[in-house]
Amino acid sequence: MGMTLAEKILAKASGKKEVSPGDIVMAKIETAMVHDITGPLTVNTLKKEGIKKVWDPEKIVVLFDHQVPADSINAAENHILMRKFVKEQGIKYFYDIREGVCHQVLPEKGHVVPGTVLVGADSHTCTHGAFGAFATGIGSTDMAAVFATGELWFKVPETLYFNITGELKPYVMSKDVILHIIGEVGADGATYKACQFGGETVKNMSIASRMTMTNMAIEMGGKTGLIEPDEKTIQYVKNAMKKHGTEKPFEVIKADEDAEYEEVFEVEVNDLEPMIACPHNVDNVKAVREVAGTPIDQVFIGSCTNGRLEDLRIAIKIIEEHGGIADDVRVIVTPASREVMLKAMEEGIIQKFYKYGCVVTNPSCSACMGALYGILGPGEVGVATSNRNFRGREGSLDSEVYLVSPATAAACAVKGEITDPRDL
Ligand SMILES: CC(C)[C@@](O)(CC(=O)O)C(=O)O
Ligand code: SF4
């Protein structure tokens with residue numbers, strides 16, 4: 001019996017010829033990431049355990065993205081603690097408050113190595129499976145074990161395969177595909193499974209669009225999200241590594257022809273329409289048209305799910321085509337990284353968002369998690385291009401969040417109510 005992509009990566013990382021779902025393996029970690037929320041707990045755990053040195057300061061990436069610039073004394077103290085740790089340990093890859101969201105900066109700087117195991121102290125680390133790495137979120141305590149030893153145990157997950165075929169119609173994006181899948185599978189329908197996305201539709205997607213899907217694998221319980229590397233992947237990774245001097249040799253691993261999947265889902269997207277996750281669960285998914293007309297107060301375009309250049313391009317295109325945004329809606333735009341911000345500036349996109357009255361913030365997690373800014377008040381309704389909408393996610397427990405694609409978010413901004421972009 002052949003092995004799936006997840007199984008092959010874990011077999012290689014644990015020095016075994018083959019593994020099967022359910023096996024417990026000790027895997028070598030190629031890249032370990034912490035950010036400003038989860039890093040301090042990792043560092044304090046290391047100290048408590050008396051660990052003086054990390055296993056390899058060149059395989060650890062530290063970023064600040066959740067509370068940047070520091071929005072409280074506690075956040076500032078966390079940053080101080082992490083900057084001291086980075087210096088003491090000689091950690092080479094440290095990105096302070098200026099760089100952006102971890103799940104955009106990691107691949108952008110060439111830190112995601114196909115065919116290897118990447119762990120991040122953040123539940124959306126599954127994003128990086130878009131590059132054919134086994135990437136998963138772990139807790140800060142487990143991360144301390146990784147910092148100390150460079151290894152971590154894994155139970156080899158079964159793999160669910162989503163075979164996506166057909167052509168996405170105008171204004172239908174990969175976010176609509178993943179929302180549709182999560183609506184079908186359920187928020188716990190893929191618990192501890194490797195969720196692999198493939199098929200002609202995925203092959204035709206940009207890297208950014210692929211990342212949107214793997215980013216949300218966790219939102220159906222996935223241990224990781226995976227997309228088999230192809231020419232696009234290899235080009236992206238090599239360019240990023242070359243641009244940032246992070247070159248590493250890597251092996252492109254693909255599933256065996258006779259790999260066995262726990263289940264194969266056929267997802268045909270020719271007739272897929274813009275989808276929306278309604279309060280207060282990510283699997284409460286409907287067609288946008290079913291809730292069209294719902295008044296809204298705020299639109300957030302950003303996050304590690306949909307804050308990339310293609311997301312900003314389609315959003316500003318729709319806003320500009322329709323002459324701007326509704327008077328009584330607040331629109332917050334947060335490019336996922338400094339590089340995305342700079343490219344968007346070069347294309348005049350940022351200037352146009354300002355021209356139409358949108359608020360553009362520094363690259364960060366921004367309004368996504370209701371801690372930094374863009375916080376919703378009691379009774380308010382927000383539309384967001386992010387990945388979570390549980391009660392209170394973006395502020396008041398008495399606020400609501402709808403999750404959509406950037407195209408739908410822009411249409412909502414134009415009309416001041418939930419709107420299918422095809423109906424503008
Ligand atoms: C750290 C937290 C705010 C997180 O970034 C990821 C996590 O739960 O690990 C989120 O989006 O909820
Ligand atoms: S952008 Fe949102 S989902 Fe992504 S890491 Fe930041 S808080 Fe978490």
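Position 1 is the first residue of the sequence, and the numbers go up from there. Atoms within each ligand, like the ligands themselves, are counted from 1 in listed order.
Scanning the protein for heavy atoms near atom 6 (C) of ligand 1, the closest one is D122 OD2, 3.1 Å. For atom 7 (C) of ligand 1, the nearest non-hydrogen atom of the protein is S123 OG, 3.1 Å. The protein heavy-atom contact nearest to atom 1 (C) of ligand 1 is H66 NE2, 3.6 Å. Looking only at heavy atoms of the protein, atom 11 (O) of ligand 1 is closest to R393 NH2, 2.8 Å.
Side-chain polar atoms of T385 and N306 form no donor-acceptor pair below 3.5 angstrom. Side chains of T334 and Y373: a donor-acceptor N/O pair is absent below 3.5 angstrom, by distance only. Judged purely by distance below 3.5 Å, without hydrogens or angles, the side chains of T159 and T4 pair a donor atom with an acceptor atom.
Neither the backbone nor the side chain of T305 has any atom closer than 4.0 Å to an atom of ligand 2 (non-hydrogen atoms only).
Between K232 and M205, the shortest heavy-atom contact is NZ-O, 2.8 Å.
Within the 4.0 Å heavy-atom shell around ligand 2 one does not find Q104.
Close approach of ligand 2 to N387 (heavy-atom distance below 4.0 Å) involves ligand atoms 3 (S). Remark: ligand 1 atoms within the under-4.0 Å shell around heavy atoms of M369 are 3 (C).
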(request) Please assess K59 against E30 for the test salt bridge (Lys or Arg N to Asp or Glu O under 4.0 Å), listing each intermediate value before the final yes or no. (result) CA-CA 6 Å; K59 293 193 179 205; E30 183 57 38; 3.2 Å; yes
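The side-chain tip of K155 points at the ring of Y192 from less than 6.0 angstrom away and within 45° of straight on.
Here C368 does not reach atom 4 (Fe) of ligand 2: none of its N/O/S atoms is less than 2.8 Å from the metal.
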